[in-house]
Amino acid sequence: MPELPEVETVRRGLERRVLDRPIVAAEARRPDLRIPLPENLAGQLIGRRITRLSRRAKYIRAHLDDGQVLIIHLGMSGRLVVHDRAPNQFETHEHVRIGFDGEVTVSYTDHRRFGLITLSDEKALEAHRFFAHLGPEPLDPAFTGAVLAARLAGKVTPLKAALLDQRVVAGLGNIYVCEALYQAGLGPKRLARTVKVEHADRLAVAIKDVLGRALEAGGSSLRDYVQASGDAGYFQHAFAVYDREGEGCPGCDCAGGVRRIVQSNRSTFYCAKRQR
DNA sequence: CTACCATCCTGGTTGC
DNA sequence: TGCAACCAGGATGGTA
């Protein structure tokens, strides 16, 4: 579910609450997430502190004070919620719970279990299979139209599919690709290799703008996503096209309004007039 | 190497 | 109301 703005919002929420607090309790309740939880996860966490929280693509990384890094991906339906004290009961799909000194408790729930939690050595982190092949971070100043154009060059695949590929750009998902393509005025079916530098400039600007606005809104809450505080995000109210099939295109008076098509088995929403 | 497809899993919504 | 079909923010392993 969560894309870059949601994951970054959760990261920031955790950062405010759990940094440098000793972990005094940990419980792995269901080990079979997308990949199995590490052996003795609780034992590896208890007594440690999180000294830094970083994000790469849609992964949150909690850097521990012993050189290990806890890697978390929320998949489609994962939540990380901070409680002031440990709730008396477990939620239905609460798979991992971490207790910090001072009673602050983090619950990881994920009803679809597409998410994952694992551990890695800090030294080997960027070489880890999750990170080794990722494309650039779109909010990094180094991410420019020229960089994007180079990564799309030669690809014989629809632009929509190329942008969902984390090796091309990291952190985008179905919502923000639809929104960025709309804002840039580029058709989702256009082949990636046809995107020249002038288009890519617009697209890179649109990606940064959409992600930045979503981040300010605390992300988009459709079904499962909430911030670390438990509050919903509200960028879903600002979607131009996502999940707005049949509604009028906000940017023009085209007859068809927002259309929905299926690409790589996922919904694409766009305006056929504005996006070429 | 590249591109496409099915699949993992659960639950909410839709349509008959 | 009941039930089946379909759909959902992601990632990836296998196949062509």
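Please read all numbers here as calculations on a predicted model, not as lab measurements. What's counted below: heavy atoms across the whole structure, side chains too, no hydrogens, waters or symmetry copies. Chain letters run A, B, ... following the sequence lines, proteins first, then strands; residues in each count from 1.
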Presence of A:K58 side-chain N/O under 4.0 Å of C:dG9 phosphate oxygens OP1/OP2
no
A:H133 NE2 - C:dG10 P separation (whole Å):
20 Å
For A:R167, does the CZ atom have more than 12 heavy-atom neighbours from other residues, nucleotides or ligands under 6.0 Å away?
no
Enumerate, in order of first residue number, the stems that involve DNA chain C, defined as 3 or more consecutive Watson-Crick or G-U wobble pairs with both distances under 3.5 Å.
B:2-8 with C:10-16, B:10-16 with C:2-8
Determine the interatomic distance between P on C:dG14 and the same-named atom on B:dC9; round to the nearest Å.
16 Å
Just to confirm, is there a sub-4.0 Å distance from OP1 or OP2 of C:dG9 to any side-chain nitrogen or oxygen of A:R266?
yes
Find out whether A:Y108 and A:L74 are in side-chain contact, i.e. whether some heavy atom of one side chain is under 4.5 Å from a heavy atom of the other.
yes
With rounding to the closest Å, how many angstrom separate the P atoms on C:dC6 and B:dA6?
14 Å
Give A:R167 one of three labels, base, sugar-phosphate or nothing, depending on what nucleic acid heavy atoms sit under 4.0 Å from its own.
nothing
Compare side-chain N and O positions of A:R112 against OP1 and OP2 of C:dA11 and report whether any pair is under 4.0 Å apart.
no
Between C:dA11 atom C1' and A:L74 atom CG, what is the distance in whole Å?
13 Å
Please give, in whole Å, the distance from C:dT12 P to A:I35 CD1?
10 Å
Without decimals, in angstroms, what is the distance between A:I72 CD1 and C:dG10 P?
18 Å
Between atom CG in A:L222 and atom P in C:dG9, what is the gap in whole Å?
8 Å
I'd like to check, for A:F114, whether its ring lies over the base of C:dA11 with centroids under 5.5 Å apart and a plane angle smaller than 30°.
no
With distance as the sole criterion, is a donor-acceptor pair present between the side chains of A:T9 and A:Q227 under 3.5 Å?
no
4.5 Å side-chain heavy-atom contact, A:E245 and A:S267
no
Reading DNA chain B from 5' to 3', where do the contacts with chain A start and stop? Cut-off is 4.0 Å to heavy atoms.
B:dA3 to B:dG11
In whole angstroms, the gap separating P of C:dC6 from CG of A:N265 amounts to 13 Å
Between A:L64 and A:V104, is there a shared hydrophobic cluster once you connect ILVMFWY residues whose side-chain heavy atoms come closer than 4.5 Å?
yes
Taking the nucleotide of DNA chain B with the closest heavy atom to each, which residue, A:H93 or A:D165, is nearer the 5' end?
A:D165
In whole Å, I'd like the distance from the CG atom of A:D243 to the P atom of C:dA8.
8 Å
Side-chain hydrophobic cluster, 4.5 Å single linkage: members besides A:F130
A:I35, A:Y59, A:V69, A:I71, A:L116, A:L125, A:F131, A:L134
By nearest nucleotide on DNA chain C, pick out whichever of A:F269 and A:Y59 is the more 5' one.
A:F269
Whether the A:S54 and A:R61 side chains hold a donor-acceptor pair (N or O, under 3.5 Å, no angle test) is what I'd like checked.
yes
A:Y225 versus A:E3, side-chain donor and acceptor atoms under 3.5 Å
no
For C:dG10, take OP1 and OP2 only and decide whether either is under 4.0 Å from a side-chain N or O of A:Q166.
no
Send over the distance from A:Q236 CD to C:dA8 C1', rounded to a whole Å.
15 Å
Do the numbers put A:R213 on top of the ring of A:F235, so that NZ or CZ is under 6.0 Å from the six-membered ring centre and no more than 45° off the axis?
no
Sugar-phosphate only, base, or nothing, as touched by A:F235 at under 4.0 Å among non-hydrogen atoms
nothing
Determine the contact category for A:S264: base if any of its heavy atoms lies under 4.0 Å from a base atom, sugar-phosphate if only primed atoms, P, OP1 or OP2 are that close, otherwise nothing.
nothing
State, yes or no, whether a side-chain contact exists between A:L164 and A:R266 at a heavy-atom distance under 4.5 Å.
yes
